[in-house]
Amino acid sequence: MEAKYIFVTGGVVSSLGKGIISASIGKLLQARGYRITIQKFDPYINVDPGTLNPNEHGECYVTADGCETDLDLGHYERFTDIQTTCANNVTTGKIYQRVIAKERNGDYLGRTVQVVPHITDEIKQRMLALGETGDYDFVVTEIGGTVGDIESLPFLESIRQLKWELGRSAICVHLTYVPYIAAAGELKSKPTQHSVKELQGLGLQPDVLVLRAEHELKRSLLDKVAGFCNVDKDCVIQSIDLPSIYEVPLRMAAQQLDQVILKKFGMEVTGEVNLTAWHRFLERRAKAERIVHVALVGKYDLQDAYKSILECLSQAGTYNDCIVKTHFVRSEGLTPETVTAQLACMDGVIICPGFGSRGIEGKIIAAEYCRTTDKPTLGICLGMQMMVVEYARNVLGYKDANSSETDPQTPHPVIALMEEQKSVTQMGGTMRLGASACRLALHSKAHIAYGRQYIMERHRHRYEFNNAFRPAFEKAGMTCSGINPDNELVEIVEVPACRWYVGVQFHPEYTGTVLHPNPLFVSFVGYMV
Ligand code: GLN
């Protein structure tokens, strides 16, 4: 079957959960046996989100093939177990970079290069690219931003053209918001009507509308919206707030969103949606009662900044039959005087990834506290590096030990720049990125967690454990339990004298999915229950 294209746009306000709806659509079609992929087109001019501040834009997600991408790709993978690639996230920056390179190369032969058709042609080509591989029956394309933004216009124009060219092989799902006016006790559909008008003004007619609301919407309101917006009544679906994002696919299935989509493509609806494993996960989740408390020691006080870590903890909770409650602890504010008050009541601690020097002394203080009080601790990337620095200072006795990221002059650079990184001056996309192999030491905590000796995990960093110090660490009780078999770089450190004190140079949070949780997180939470 030729690939069919589902475009997902959003109106009224941002943060409506377009990523979750896109992931849910992908999930439901996949559960009907179709081969799917999901991609995201972001209207900002950054070439990728790698250079964006997590406090503004949330976490940067990394694909197995080493691209820094939007956090929504994390939802796509967690919901569907697909493996996204560089091709699954396109930004305005990437589009312009390519068009300008072609212009400099003389590819346009004296013509004036314009938004229409040159930018839109480049966008269209990328929108179709994954579908043309023959690997997918459906390509879901989420468009970042909100209809009405200046930046979104070339993307919406591209969808308009594609819908015209592809005929019944392309549909548009538009997500809007229905606010509740408490003083009047009323739910208002007007913003939805305006948002659809805006789309129609651009020549785009949505085929399906998903209305986000905090309160249940009456059938009469959904029908009214259908009438005003030229959309079939059964194509107006509601998406109300749910206790967990993992319930969204079920709520969508209950309203037959998948069937509505298939019918719009003129396809016959046959067979059933198989969500057995998903149901089983949610049932187990609902039964969990016991609560464990995990501190996230980090720099960014924004839920989205540690999105994948939070999701992995939540999944690990379910697989351990407990509920993980997370508590953000600002590393900058941690001192030897305050650390006990902040961490003593926790069942476990995650020392978070990050960049730069701000807050790292707090991470070192947290590492020392956790190690000496034997609290289950997982250090991720910069978190692992600070575990190493702490061990060097307080156990090996190198009082001036540091990462050369923070102190380039330190006589004990236990974390240092890799040789090939030393000449790098450009910031974007120049780190060690993507999946690489790791060999685990037999009977280590990591080996027990993963249950096998070779694993693949994703990276995003410049600095590494300095192998010159490895014998000293091993002798003093910090073992290097994960090693990259290709270059002998240290990937995991552990202190076997502790119950569970593990630091990983990679980011395990990028590979945990609902049906295949990351083993390290499952093991970590398992030590708390
Ligand atoms: N800043 C550290 C490095 O570049 C850690 C990066 C991270 O935590 N992702 O090596």
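Order of appearance sets the numbers: ligands from 1, and atoms from 1 within every ligand. The analysis underlying the following values was restricted to heavy atoms, covering all of them including side chains, and did not include hydrogens, waters or symmetry mates. Note that the numbering runs from 1 along the sequence shown for the chain. Just so you know, these numbers come straight off a predicted model, no measurement behind them.
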Fill in the blank from the handout: From the list Asp72, Thr69, Asn88, side chain to side chain donor-acceptor pair (under 3.5 Å) partner of Lys40 resolves to Asp72
Could you pull out the N/O contacts under 3.5 angstrom between ligand 1 and the surrounding protein atoms?
unit_1   : atom_1 : unit_2 : atom_2 : d
ligand 1 : 1 (N)  : Gly354 : O      : 3.1
ligand 1 : 1 (N)  : Glu405 : OE1    : 2.8
ligand 1 : 1 (N)  : Glu405 : OE2    : 3.1
ligand 1 : 4 (O)  : Arg462 : N      : 2.9
ligand 1 : 8 (O)  : Gly354 : N      : 3.0
ligand 1 : 8 (O)  : Gly354 : O      : 3.2
ligand 1 : 8 (O)  : Leu382 : N      : 3.0
ligand 1 : 9 (N)  : Arg460 : O      : 2.8
ligand 1 : 9 (N)  : His507 : NE2    : 3.2
ligand 1 : 10 (O) : Gln385 : NE2    : 3.1
ligand 1 : 10 (O) : Arg462 : N      : 3.2
ligand 1 : 10 (O) : Tyr463 : N      : 2.8

Practice task
Have a look at Ser436 and tell me which of Gln505, His459, Glu457 forms a side chain to side chain donor-acceptor pair (under 3.5 Å) with it.
Solution key: His459
Practice task
Test Arg284 against every option in Asp321, Asn320, Thr318 by the side chain to side chain donor-acceptor pair (under 3.5 Å) rule and name the one that passes.
Solution key: Asp321
Handout entry: Whether over 12 other heavy atoms sit under 6.0 Å from Leu442 CG
Key = yes
Handout entry: Side chains of Val525 and Tyr527 in contact at under 4.5 Å (non-hydrogen atoms)
Key = no
Problem - N/O donor-acceptor pair under 3.5 Å between Asn89 side chain and Asp70 backbone - result: yes
